[in-house]
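No experiment lies behind these values; they were computed from the predicted model shown. Below, chain A is the first sequence line, B the second, and so on; all start at residue 1.
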Protein chains: 2
Amino acid sequence: MNAGKPLTIVSQNEKILSLMQRIEKIAPSDSSVLLVGETGVGKEVFADYIHRYSQRRDKPFVKVGLAAMPADLLESELFGHEKGAFTSAHAEKKGLFEIADGGSIFLDDIDDVPMPIQSKLLRVLESGELMRVGATRPIRVDVRLITASKIDLKLLIERDKFRSDLFYRLNVVPMHIPPLRERSDDVPRLMNYFLENYGNGKPLPVTPRAMSALQRYSWPGNVRELRNVAQRLALFAEKEIDVKDLPAEIAHSGGLDVLLKKCQTCFYEDAMSFSQVMACLEANLLKQALAANQFNQSQAARHLKMSLSTFRDKLKKHSILLSDSL
Amino acid sequence: MNAGKPLTIVSQNEKILSLMQRIEKIAPSDSSVLLVGETGVGKEVFADYIHRYSQRRDKPFVKVGLAAMPADLLESELFGHEKGAFTSAHAEKKGLFEIADGGSIFLDDIDDVPMPIQSKLLRVLESGELMRVGATRPIRVDVRLITASKIDLKLLIERDKFRSDLFYRLNVVPMHIPPLRERSDDVPRLMNYFLENYGNGKPLPVTPRAMSALQRYSWPGNVRELRNVAQRLALFAEKEIDVKDLPAEIAHSGGLDVLLKKCQTCFYEDAMSFSQVMACLEANLLKQALAANQFNQSQAARHLKMSLSTFRDKLKKHSILLSDSL
DNA sequence: AGTTGGCCTGCGGAAATCCGCAGATTACAG
DNA sequence: CTGTAATCTGCGGATTTCCGCAGGCCAACT
């Protein structure tokens, strides 16, 4: 974290650091940027970062989520309309492109844009001008375009759902933001950062066991989910955060959840029998107990509340070798 | 769905229909609205709906996500700044409140707003004017405020993290948007709607089994997650959508996942032994097999690939009664 | 060097599990 | 109503599972 620079991207992951260096290099250039990454990875945060480092930092930065909007509403929203252009157009309206004139515009979920809107976006990019709905004269706009997609747009192009010519103009600078599970090394520092943030500057310590569970979790909701968890922890946790304070799906991320996912293949995909599934579950439970107890069979058996003899009989039954190179 | 009205809220759930009726009633009133609901329920879509039904529909509707922004950046973003107000303020800048003048502004994640920003927001609401950073004269603004929170702000007030006076001004019209899992009856129509949307108007049929799995799933990411799933299905599915086309966590939502969740309580929270956990898993598997086979023991045993005798022995072992009123 | 505690190993007996079988019952088609 | 097929039921034998026990090994302590 650089002193004096307002920075919301907390990371020491080399993929992210490399992204940030690239951003600092291209931000002043005014090139269109396409950010690709899963929901919750922080595409908007990266867009902010780009805008901050651009020459347009003192101009408007308008953000639009494109999903869930019908084409006609979206058109009006982005490009504005003239009075009387349609029944409910009681007055002329500036679109967000006009509002952003001189600055930047961030279009989230570009993969969700209907074809007619794609055409108009292309025109803006090619000619630097737009037509309001119902207008006869174009309006010039000077806007830097930053877009975001949660999937690879090439998939849509292949299926004729996205214009390749528009794609090439958007994709001048492509940037892939990795999901949080691919940079779990950042989980501890992100969690500590948000906890301090929500704790009014007072850091709230996390036990090593809790931090391990947080790091093991797959974070399907990415950084947004982590931030939400941090917010709740900062509200409800007392002196420090232990495993018992974590949401169930995270606290158990090292437990039967993992176990079950291992056995789903058994039961559904491989159409195994009841006894095979139970055997699979059992074998995995035994292995986990061993690993968790440094391969001390006596401790592992006590952990599972069974006798050492039973434990050993089961290891033999499942041909489980005594090694930490399983 | 009303013909002729642009409507993005697809639902026949009575909670949602009642919300929509309430919105249509209060939208013209210019009152501040506070939307509360989990991430992904579509708070922004409801905000759009409110703006559409207001007298300000032809004025700007600016949306801001407040999370993940440091206070000083956010302040500048919302309220603008004067040239020289700070080192990197090379020119004067209009804030988003000014840009939205005459229209509406939507502030998402209001629960994430730092105290200093809360103070300035309160002033805007109380006096109808704001001070740019570094300014000596206030600027009048006429903006309708719609805010969104993913948690109950009263929790923050209790912990002195949110100003109660600001809350009362924001919460003029409170609206709770239920999570998708509380209106699973909408899942089929939402899925069909999005599939048609992404399928260029061509509806893609979903088998009853697949639709059951979709309806059983808990949708932690709410409508956003459902839409993302629909988008992928529309891209990759062939003639119709069956269970095998669904993501693993949805396809299996009726299987071992549920089973495991039942047993998590056993192993972790109740500190049960290995044999107790296995017994718990076993009992639940047997019950599920019975229920899935209309309480026909022979079929259930074949389903589990075990002999009828074994099956019956196990039912006895676990004291499982033969009834569909379990 | 001797003692103590914990772990590992193999073994045997009691209990539990698995499943085939025969007869009774039920549901369905003609 | 009859015949057939499927299901249900109780039982007993073979197999598997559970676990206590005794002896050996190892590390730590006195």
Nearest-angstrom distance from the residue atom CE of A:M278 to P of D:dT16: 18 Å
Counting only N and O atoms by type, is there a donor-acceptor contact under 3.5 Å from the side chain of B:Q215 to the main-chain atoms of B:S184? yes
Between B:N296 and C:dA27, does any side-chain N or O lie under 4.0 Å from OP1 or OP2? no
Rounded distance in Å - CG (B:N293) to C1' (D:dC8): 15 Å
DNA chain D nearest-nucleotide lookup for B:D313 and B:Q299: closer to the 5′ end is B:Q299
Respond yes when some side-chain nitrogen or oxygen of B:K314 is under 4.0 Å from OP1 or OP2 of C:dT17, and no when none is. no
B:D111 versus A:Q231, side-chain donor and acceptor atoms under 3.5 Å: yes
Would you say the side-chain atoms of B:K43 pair up with the backbone N or O of B:E38, donor to acceptor, closer than 3.5 Å? yes
Grab the NZ-C1' distance between A:K316 and C:dC8 for me, whole Å please. 13 Å
Name the nucleic acid region contacted by A:T310, choosing base, sugar-phosphate or nothing; use a 4.0 angstrom heavy-atom cut-off, strictly under. base
B:R312 side chain N/O closer than 4.0 Å to the phosphate oxygens (OP1, OP2) of D:dT9? yes
Is the distance from OP1 or OP2 of C:dC21 to the nearest side-chain N or O of B:S309 less than 4.0 Å? no
Quick check on A:R209: does its CZ atom have over 12 non-hydrogen neighbours (other residues, nucleotides or ligands) under 6.0 Å away? no
Are the charged groups of A:K287 and A:E282 less than 4.0 angstrom apart, N to O? no
Check the distance between C:dC8's C1' and A:L290's CG and give it to me in whole angstrom. 13 Å
Separation of B:F295 atom CZ from C:dA27 atom P, in whole Å? 16 Å
Distance in angstrom units between A:Q297 CD and D:dC26 P, rounded: 15 Å
Look at A:K317 and D:dT17 and indicate whether a side-chain polar atom (N or O) is within less than 4.0 Å of OP1 or OP2. yes
For the pair made of CD in A:E282 and P in D:dT16, what is the distance, rounded to whole Å? 15 Å
Side-chain N or O of B:R302 less than 4.0 angstrom from OP1 or OP2 on D:dT7? yes
Considering only D:dC8, D:dC19, C:dT9, which nucleotide approaches the side chain of A:S307 most closely? D:dC19
d(CG, A:L308; C1', C:dC7) in whole Å: 8 Å
The side chain of A:S298 lies closest to which of these nucleotides: D:dT9, C:dC7, C:dC19? C:dC7
